[in-house]
**Q** 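Sharing a structure here in structure tokens format.
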Amino acid sequence: MTNEILINPESIQFILNDASLSDELKRIGEKVIAAERISPEEGLYLYEHGSLGLLGALANFIREKKNGDAVYFNRNFHIEPTNKCVFACNFCSYSRLIQQENESWELSHDQMMDIVRKYDGEPVTEVHIVGGVHPKMNLDFFCNLIREIKKHRPDLHVKAFTAVELEYMFRKAKVSVKEGLQKLKDAGMNSMPGGGAEIFDEEIRSKICNDKASSEEWLLIHETAHQLGIPSNATMLYGHIENYSHRIDHMNRLRELQDRTHSFNTFIPLKFRNGDNDMSDVPESTIVEDMKCYAMSRIFLDNFNHIKAYWPMIGRTNAQLLLNFGVDDIDGTIDDTTKIYSMAGAEEQNPTMNTMDLVDLILAVNRRPIERDTLYKPIRDFILNPIIEEKAERAYLN
Ligand code: V47
Ligand code: SF4
């Protein structure tokens with residue numbers, strides 16, 4: 001894979017020489033190009049005063065410096081054990097109260113193993129397990145499940161449980177964060193997804209998800225996981241009642257933690273979708289705001305290697321667009337196994353894309369499709385290794 005800079009520094013300098021740009025924007029832009037860290041105050045200034053064009057050019061410059069023209073994806077499937085949840089986040093369209101039997105599901109151990117076995121012989125590399133927080137699905141239940149998945153398919157990477165699920169699981173089991181994580185690691189859990197972070201600012205958090213793990217707890221669980229050799233992702237739920245300064249504060253807390261551990265794989269901004277939840281009166285962000293949010297993430301999080309646009313949530317065409325605004329990853333094949341976003345009003349009602357679809361989507365915008373494993377080890381570069389026997393490969397990759 002090439003990592004050459006596709007935008008050369010001179011052409012980005014040209015953008016900074018625009019006479020209409022303020023001295024302060026020019027100064028911050030120069031720092032970004034020189035790979036000097038910008039402070040939260042400079043980040044906020046850039047966010048508030050920088051045009052979409054400027055943010056996009058800076059973000060794309062960094063993206064290409066870090067990842068060339070690569071666009072990563074993986075082959076994964078999701079298991080959502082239940083949508084019953086003890087918590088009541090106002091933005092959530094997915095969960096149902098424990099007592100609420102209609103529209104809710106609760107998978108048994110055997111049903112989840114049946115999902116795993118459905119992929120026998122298929123070249124998936126990751127299972128992503130995340131769901132509502134259910135008291136019956138406790139630490140022992142999940143350790144047994146992971147052990148059995150690993151016994152059945154040792155090479156499958158198990159990326160499981162948000163810090164919110166874990167905080168509840170450990171509290172119920174009366175174990176420390178470290179003990180609980182060690183148990184899951186011993187059972188075979190390989191990494192953690194980034195959900196549950198929402199927005200760290202305590203005042204906003206108390207308004208949108210008052211009763212679940214606090215920001216401090218979320219950060220502590222990820223830091224402890226990293227210390228135990230469990231890498232993870234980080235998310236940010238944006239586009240609701242927070243403002244730019246809350247987003248910068250959120251990213252700054254992640255950047256500080258990443259300085260200590262270097263074990264976040266990727267950052268995933270999650271656009272708030274307002275379908276069928278207690279915040280349905282809050283309008284969704286525009287695509288221009290989405291592009292600015294992804295671009296600022298790329299610019300501010302200088303110690304994160306990857307920025308992911310989760311296509312089932314943002315949509316396929318927007319994901320393509322965002323590849324020019326800092327994004328270098330579009331998650332995975334997924335295969336219609338997640339309901340979180342279709343229930344929240346995302347356009348993708350049955351999110352499924354096979355490998356060929358993903359490769360075509362990336363090639364259509366002149367980028368380099370690279371299948372990766374969960375930890376970003378390249379598995380196949382589809383430019384160096386194109387699809388030649390198209391018919392046979394299409395059948396295989398489906
Ligand atoms: O924490 C819930 C979000 C997250 C809504 O790590 C909503 O690879 C928008 O974290 N509008 C769970 N977002 C999903 C998640 C995730 C997804 C894909 C990949 C990875 C990864 C992680 O979904 C929750 C919450 O922030 N969410 N409801 C909503 N209405
Ligand atoms: Fe439960 Fe997660 Fe939904 Fe909150 S976002 S109500 S923790 S499923």
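Ligands are counted one by one from 1 in listed order, and the atoms in each one are counted from 1 as well.
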**Q** Kindly identify the option in M313, R273, M236 whose heavy atom sits closest to atom 11 (N) of ligand 1.
**A**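 Among M313, R273, M236, the closest heavy atom to atom 11 (N) of ligand 1 belongs to R273.
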**Q** I'd like to know if K271 contacts ligand 1, where contact means a heavy-atom distance under 4.0 Å to any ligand atom.
**A** yes
**Q** Going by atom types only, do H222 and S232 share a side-chain donor-acceptor pair under 3.5 Å?
**A** yes
**Q** Would you say the side chains of N190 and K150 form a donor-acceptor pair under 3.5 Å?
**A** yes
**Q** Short of 2.8 Å from atom 3 (Fe) of ligand 2, name each protein N/O/S atom, waters not counted.
**A**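 Sorted hits: C92 SG.
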**Q** Within the structure, does L270 bring an N/O atom to less than 3.5 angstrom of an N/O atom in ligand 1?
**A** no
**Q** For F304, what residues pass the ring pair (Phe, Tyr, Trp, His ring centres under 6.0 Å) criterion, not counting sequence neighbours?
**A** F264
**Q** Side chain or backbone, does G194 bring an N or O within less than 3.5 Å of an N or O on ligand 1?
**A** yes
**Q** To the nearest 0.1 Å, how far is atom 2 (Fe) of ligand 2 from its closest protein heavy atom, and which atom is that?
**A** K212 NZ, 4.5 Å
**Q** Any heavy atom of Y94 sitting closer than 4.0 Å to ligand 1?
**A** no
**Q** Determine the sole option in D278, D276, N277 for which the side-chain hydrogen bond (donor to acceptor under 3.5 Å, both in side chains) test with S93 is passed.
**A** N277
**Q** Give the atom numbers and elements of ligand 1 that come within less than 4.0 Å of a heavy atom of F272.
**A**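 Reading through ligand 1 atom by atom, the close ones are 9 (C), 11 (N).
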**Q** Identify, by atom number and element, the atoms of ligand 1 in contact range of N277, meaning under 4.0 Å from any of its heavy atoms.
**A** 30 (N)
**Q** Do S20 and D18 pair up side chain to side chain, a donor and an acceptor below 3.5 Å, judged on atom types alone?
**A** yes
**Q** Would you say the side chains of D120 and H152 form a donor-acceptor pair under 3.5 Å?
**A**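 Distance-only check passes for D120 and H152.
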**Q** Need the ligand 1 atom indices (1-based, order shown) with element for anything under 4.0 Å from a heavy-atom of G196.
**A** 1 (O)
**Q** Using a plain distance cutoff, I'd like to know if L237 has any nitrogen or oxygen under 3.5 Å from a nitrogen or oxygen of ligand 1.
**A** no
**Q** Considering only heavy atoms, does T162 approach ligand 1 within less than 4.0 Å through its side chain, its backbone, both, or neither?
**A**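 The answer is neither.
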**Q** Can you say whether the rings of Y294 and Y238 are parallel (under 30°), tilted (30 to 60°) or perpendicular (over 60°)?
**A**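 Rings of Y294 and Y238: perpendicular, as their planes differ by over 60°.
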**Q** Which word best sums up how the rings of W105 and Y94 line up, parallel for under 30°, tilted for 30 to 60°, or perpendicular for over 60°?
**A**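 Perpendicular.
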**Q** Ignoring hydrogens and geometry beyond distance, is a side-chain donor-acceptor pair present between D290 and S285 at under 3.5 Å?
**A** yes
**Q** Which of these, K159, E198, E165, has its nearest heavy atom closest to atom 25 (C) of ligand 1?
**A** E198
**Q** Looking only at the side chains, is there a donor atom on one of H246 and D249 sitting less than 3.5 Å from an acceptor on the other?
**A**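 No, D249 and H246 have no side-chain donor paired with an acceptor closer than 3.5 Å.
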**Q** Within the 3.5 Å criterion, strictly below it, is a donor on H306 or D328 matched to an acceptor on the partner's side chain?
**A**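 Yes, side-chain donor-acceptor contact under 3.5 Å.
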**Q** Between H49 and S22, do the side chains contain an N or O donor and an N or O acceptor separated by less than 3.5 Å?
**A** no
**Q** Please state which part of T266 comes within less than 4.0 Å of ligand 1, counting heavy atoms only: side chain, backbone, both or neither.
**A** neither
**Q** Looking only at heavy atoms, is any part of F91 under 4.0 Å from ligand 1, and if so is it the side chain, the backbone, or both, or is it neither?
**A**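 Contact part for F91 vs ligand 1: both backbone and side chain.
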**Q** I'd like to check which ligand 1 atoms, numbered from 1 as shown, lie under 4.0 Å from a non-hydrogen atom of K308.
**A**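 Those qualifying, in numeric order: 8 (O), 21 (C).
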**Q** Using a strict 4.0 Å cut-off to heavy atoms of N233, name the atoms of ligand 1 that fall inside it.
**A**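 Contacts of ligand 1 toward N233, numbered from 1: 6 (O), 8 (O), 21 (C).
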**Q** Would you say the side-chain atoms of N303 and Q258 include a donor-acceptor pair closer than 3.5 Å?
**A**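 No donor-acceptor contact under 3.5 Å links the two side chains.
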**Q** Relative to the heavy atoms of I268, which atoms of ligand 1 are at a distance of less than 4.0 Å?
**A** 6 (O), 8 (O), 20 (C), 21 (C)
**Q** Between R368 and N67, does any side-chain donor sit less than 3.5 Å from a side-chain acceptor?
**A** no
**Q** Heavy-atom count check: over 12 atoms from other residues, nucleotides or ligands less than 6.0 Å from E216 CD?
**A**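 No - once you tally the heavy atoms of other residues, nucleotides and ligands closer than 6.0 Å, there are 12 at most.
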**Q** From the options H78, E80, H128, select the one whose nearest heavy atom is closest to atom 22 (C) of ligand 1.
**A** H128
